[in-house]
Amino acid sequence: MDNKYLGLTPPMGWNSWNTFTWEINEQLIMQAADAFVEYGLKDAGYEYVVIDDCWSEKQRDENGRLVPDKTKFPNGMKAVADYVHSKGLKFGMYSCAGTHTCAGYPGSFEHEFEDAATFAEWGVDYLKYDYCYKPDFIPGEVLYKRMAMALRNCGRDIIFSACNWGNDNVHRWIRESGAHLFRSTGDIQDNWESIKNLALSQMGQECYGGNYCHNDIDMLVVGMHGGSNNEWINASGDGAAPKLGGCTDTEYKTHFSLWALMNSPLMIGCDIRKMSEATREILTNQDVISINQDIECRGAYRIKQWNNPENVFSLIKLMSDGSYAIGMFNFGDRTSEMSLQFWDMGLPTASGRGFDMYDCWKHENLGKYSERFVTNIEPHDCLVLRARLVNMK
Ligand code: GAL
């Protein structure tokens, strides 16, 4: 690898799966690349345009090489990669550690080195690597090591995105195996319950993520509003039929804040060609993105609200400039107080110091606070603050 900063901070981009699943083609990917530029996603730091499952023919060619679907990608993948690169963006693709991908297309098992070579030839910069149809006789750990070896020696810098859904204690072995990010959860759905459960499932696992190997809580559903063609992703979360997913803009804002503070990669999953203004504002919020992209990637710690500990808590992340990013979340269904005592963050009252607070969603300064910060948070809402230490005297 030439770029020693590859994967330093969580990757940011867009992935076709959440909204389009199998309904992908050359035009869509090119339009997505256009949308990155046109709607300010590129300027906000989003970089990778990633094609997920269902891009290939069902059979390899006579030389054992993967073949792009002739109808969906009539000009091959190099042409798509060239277009994405021409926009100053990076190009991502998808394969699987097993014999087949989850949707039944050829996987890379026993083809790891030739596939890595093919991806390099096509100009791929990012590879998501799934876990379906994995032979039982060989540990997943070995298969991720294989592809990491193949990618790191294919002559091109390629981000390696492992996706084994948190199975087989992946946290414990994935960093040394060589992936730059690892999915720690099952697939996200476009509903509040799913967002909440995925976030909760990774609280307490912060120490496993970090520079060059990030804990991936799954792609974002921000702005999807029930727009997936995949019934499972689009499920309502309450089991009701007909299943219609979707969240409020407040819930999407909370989702984005959680993923940012938890150092998850920020891979957009909505149709970026048709974002509402609210969606665009959420996804391009620089004050929140800069929390996610802080160079040190320190995990956040959690302080629960003493009288509502199940639903209300703060996530606190120490930033490399000495400030703190503080997310205050209300997972419950009633308005609730969050009262953060600064001594819980390490600040002795006797120090004479306090915090100058900046609201990262309203983009305004809230003034100086000593000893504590108290606020009410609406259901499923959050407050994201940047706190800077100041002398109160
Ligand atoms: C799942 C994976 C999803 C998507 C899908 C494609 O295993 O978690 O993110 O890639 O496969 O079939």
So with a 6.0 Å cut-off around [atom1] of [X], is the heavy-atom count from everything else above 12?
X: R298; atom1: CZ; value: no
X: M149; atom1: CE; value: no
X: Y133; atom1: OH; value: no

Considering only NZ, NE, NH1 and NH2 on the basic side and carboxylate oxygens on the acidic side, decide whether [X] and [Y] come within less than 4.0 Å.
X: R372; Y: D344; answer: no
X: R386; Y: D359; answer: no
X: K362; Y: E364; answer: no
X: D125; Y: R156; answer: yes
X: R172; Y: D168; answer: no

Subject >> Qualifying residue, where the test is side chain to side chain contact (heavy atoms under 4.5 Å, CB included) with K317 and the options are I326, N292, N263 >> reply: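 Going through the options one by one, the only one that passes is N263.
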Is the closest side-chain donor-acceptor distance between [X] and [Y] under 3.5 Å?
X: Y369; Y: D356; answer: no
X: W361; Y: S257; answer: yes
X: Q205; Y: N215; answer: no
X: D53; Y: T101; answer: yes
X: N376; Y: E337; answer: no
X: N75; Y: E26; answer: yes
X: Y129; Y: D115; answer: no
X: K134; Y: N164; answer: no
X: S56; Y: D69; answer: no

Examine [X] and [Y] and state if one hydrophobic cluster contains both, with Ile, Leu, Val, Met, Phe, Trp and Tyr joined whenever side-chain heavy atoms are less than 4.5 Å apart.
X: Y301; Y: W259; answer: no
X: L143; Y: F119; answer: no
X: Y105; Y: W122; answer: no

Original post:
Would Q305 and N307 satisfy side-chain hydrogen bond (donor to acceptor under 3.5 Å, both in side chains), going step by step from the backbone distance to the final call?
Top reply: CA-CA 6 Å; Q305 171 62 14; N307 58 1; 2.9 Å; yes
Taking the six-membered ring for Trp and the single ring otherwise, decide whether the centroids of [X] and [Y] are under 6.0 Å apart.
X: F109; Y: H100; answer: no
X: Y131; Y: W165; answer: yes
X: F355; Y: F373; answer: no
X: F331; Y: F313; answer: yes

Subject >> salt bridge (charged side-chain N to carboxylate O under 4.0 Å, His left out) partner of E47, chosen from K42, K87, K90 >> reply: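 Option passing the salt bridge (charged side-chain N to carboxylate O under 4.0 Å, His left out) with E47: K90.
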For the backbone of [Y] and the side chain of [X], can you confirm whether one donor and one acceptor N or O come within less than 3.5 Å of each other?
X: S228; Y: N230; answer: yes
X: T254; Y: T250; answer: yes
X: D216; Y: L181; answer: no
X: N330; Y: R334; answer: yes
X: S290; Y: Q286; answer: yes
X: T284; Y: A44; answer: no
X: T21; Y: W17; answer: no
X: E57; Y: K70; answer: yes
X: H180; Y: H214; answer: no

Subject >> Criterion ring-ring contact (aromatic ring centres under 6.0 Å, His included) on F329 and H380, from CA distance to verdict >> reply: CA-CA 7 Å; F329 297 93; H380 307 185; over 10 Å; no
**OP:** Would you sort out whether E277 and T279 count as a side-chain hydrogen bond (donor to acceptor under 3.5 Å, both in side chains), showing the intermediate values?
**Re:** CA-CA 5 Å; E277 195 42 36; T279 297; over 6 Å; no
Original post:
S320 and D294: side-chain hydrogen bond (donor to acceptor under 3.5 Å, both in side chains), yes or no, with the steps?
Top reply: CA-CA 7 Å; S320 51; D294 186 70; 2.7 Å; yes
Original post:
Aromatic rings H85 and F91: how do their planes relate, parallel, tilted or perpendicular, breaks at 30° and 60°?
Top reply: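 Ring orientation of H85 relative to F91: perpendicular.
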**OP:** Determine the interplanar angle of the Y48 and Y126 rings, folded into 0 to 90°, and report it as parallel if under 30°, tilted if 30 to 60°, perpendicular if over 60°.
**Re:**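 Y48 and Y126: tilted rings.
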Original post:
Taking C96 and C132, which are both Cys, do their SG atoms fall under 2.5 Å of each other?
Top reply: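 Not so, these two cysteines form no disulfide.
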Original post:
Do you know which two heavy atoms are closest between R273 and Y39, and how far apart they sit?
Top reply: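 Minimum heavy-atom contact is O-OH, 3.7 Å.
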Original post:
After noting the C-alpha distance and the side-chain angles of E371 and T349, does the key distance pass the side-chain hydrogen bond (donor to acceptor under 3.5 Å, both in side chains) rule?
Top reply: CA-CA 6 Å; E371 286 186 52; T349 306; 4.6 Å; no
Original post:
Run the side-chain contact (heavy atoms from CB on, under 4.5 Å) check on M262 and L315 step by step: do they pass?
Top reply: CA-CA 8 Å; M262 294 178 74; L315 288 182; 3.9 Å; yes
